[in-house]
Asks: 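Just dropping this structure here.
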Amino acid sequence: MEKTYKYDDEFKRWARALQFAYREDVLKDFNEEKAPQVLLSDENAKQGLIFYEGFRGLILEKVGHVSNKMTNNMLRSEHIPYNMFTPLEKFPELAKDVFSAMIGVPIKQIEMPILIEFAGNGKKSEYLNDGTSFDAFVRYSAYDGKRGAIGIEVKYTENEYPLGVKEGKDIEGIVDDENVRKTNELYRRMTAESGYFVDNLDIRMFLKAHHLRQIWRNHILGYSMKNKGEYELIHHVHLYPKNNAHFQKHALPDYRKILTEVGLESFKAVTYEGYIALLEKYSDDEKARDWVKYLRARYLGIK
């Protein structure tokens, strides 16, 4: 059966073919039941074959309950933060060097474990009062004693997403029992107080700017944690493949246009290629190098 899908863009077609090849050639899984979706068989999904074999036990321990929604579709990005970051828990010096280079802040120590799907230590109402979370979250201490964090959003083949009902109401406003129109002051206040955005930015622009909305929400989620006093330094990293044209050519250039110098300093766009190159540069352990080779082959198609 031809392993293509008519709705794929150029990068997703390439990624689909890459994951098909990996599934069949490496994992020896020939599940064609729901082609052209790149799905592992139920048995292999439950065993966590979507994760790197060298640290699969560590990853599955972190995952806890294995859900086929996360572990069977090789094109979805939910599994990728586990493969990209969890192994660093075994290499604290490598983690320190890589994240220092990534954000441009000398890091003294990384606090382990690296958190996955993290939305804050408190109630949602203490941040943005929504479902925004970071795919990975790295806590650290700097040499000057400051406590910092890096919130990472991981993309693979995804592009923009449509506006949700609650999300639209949160941005534009809601009508309460007295029919008085109110706005989500947390969105507006965090956006204004962060200093990240150009003067007089109207957040209602994100009702239509579907390609920017999630990036903005993650960015101000990080600021809300800083505002709450949990961290003195906070960075938002958007991690994506260089050949995903949606982010490389459209979303990220457009997002930078609405940022101040402070906003640009707190926001880092990092490609898979750049991140893996940092891992290669600083890794001196054979197990770490094997893991990096896996990442390069699995997501970039380079052996």
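What you see below is based on every heavy atom in this structure, not just the backbone, and it leaves out hydrogens, waters and symmetry mates.
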Asks: For a 4.5 angstrom cut-off between non-hydrogen side-chain atoms, does Arg296 reach Tyr272?
Replies: no
Asks: For Ser141 and Glu111, which I'm curious about, is there any donor-acceptor pair between the side chains at under 3.5 Å?
Replies: no
Asks: So for atom CD, which belongs to Glu193, do other residues, nucleotides or ligands contribute more than 12 heavy atoms lying within a distance under 6.0 Å?
Replies: yes
Asks: Is Arg139 close to Arg147 at the side-chain level, that is, under 4.5 Å between some pair of heavy atoms?
Replies: yes
Asks: Does a salt bridge link Glu280 with Arg289, judged by any charged N lying under 4.0 Å from a carboxylate O?
Replies: no
Asks: Side chains of His79 and Phe51: does their closest heavy-atom pair fall under 4.5 Å?
Replies: yes
Asks: On the 0 to 90° scale, with breaks at 30° and 60°, tag the Tyr240-Phe247 ring pair as parallel, tilted or perpendicular.
Replies: tilted
Asks: Check whether NZ of the Lys or CZ of the Arg Arg213 lies under 6.0 Å from the centre of the six-membered ring of Tyr161 and within 45 degrees of that ring's axis.
Replies: yes
Asks: Taking NZ, NE, NH1 and NH2 as the nitrogens, is one of them in Glu167 or Lys169 under 4.0 Å from a carboxylate oxygen of the other?
Replies: no
Asks: Going by atom types only, do Gln19 and Arg298 share a side-chain donor-acceptor pair under 3.5 Å?
Replies: yes
Asks: Among side-chain atoms of His219 and Tyr255, is any donor-acceptor pair under 3.5 angstrom?
Replies: yes
Asks: Does a side chain donor of either Tyr143 or Gln109 reach within less than 3.5 Å of an acceptor in the other side chain?
Replies: no
Asks: Decide, yes or no, whether a salt bridge links Asp254 with Lys257 under the criterion of side-chain N to carboxylate O below 4.0 Å.
Replies: yes
Asks: Run the side-chain contact (heavy atoms from CB on, under 4.5 Å) test against Glu89 and tell me which residues pass, sequence neighbours left out.
Replies: Leu58, Lys62, Thr86, Met112, Pro113, Ile114
Asks: Decide, yes or no, whether a salt bridge links Lys287 with Asp285 under the criterion of side-chain N to carboxylate O below 4.0 Å.
Replies: no
Asks: Looking only at the aromatic ring of each residue, does the gap between the centers of Phe137 and Tyr231 stay below 6.0 angstrom?
Replies: yes
Asks: Step through it carefully: locate the ring centre of Phe118, locate the ring centre of Phe134, and say whether they are under 6.0 Å apart.
Replies: no
Asks: Charged N to carboxylate O below 4.0 Å: is that the case for Lys146 and Glu232?
Replies: no
Asks: ring-ring contact (aromatic ring centres under 6.0 Å, His included) between Tyr196 and Tyr223: does it pass, once the steps are laid out?
Replies: CA-CA 9 Å; Tyr196 293 168; Tyr223 176 74; 5.8 Å; yes
Asks: How about Trp291 and Tyr294: are their ring centres within less than 6.0 Å of each other?
Replies: no
Asks: Please determine whether a side-chain nitrogen of the Lys or Arg among Asp130 and Lys166 lies less than 4.0 Å from a carboxylate oxygen of the Asp or Glu.
Replies: no
Asks: Whether Lys46 and Glu43 form a salt bridge (side-chain N of Lys/Arg under 4.0 Å from carboxylate O of Asp/Glu) is what I want to check.
Replies: no
Asks: For Ser41, which of Asn72, Asp29, Leu27 qualifies under side-chain contact (heavy atoms from CB on, under 4.5 Å)?
Replies: Asp29
Asks: Does any part of the side chain of Ile152, heavy atoms only, come nearer than 4.5 Å to the side chain of Val138, both counted from C-beta?
Replies: yes
Asks: Atom CG of Leu163 and atom CD of Glu172: how far apart are they, to the nearest 0.5 Å?
Replies: 9.0 Å
Asks: State yes or no: are the ring centers of Phe267 and His235 separated by less than 6.0 Å?
Replies: no
Asks: Ignoring hydrogens and geometry beyond distance, is a side-chain donor-acceptor pair present between Trp216 and Thr191 at under 3.5 Å?
Replies: yes
Asks: Please check if any side-chain donor atom of Asn83 sits under 3.5 Å from a side-chain acceptor atom of Tyr299, or the reverse.
Replies: yes
Asks: Are Glu160 and Leu212 side-chain neighbours, meaning at least one heavy-atom pair lies under 4.5 Å?
Replies: no
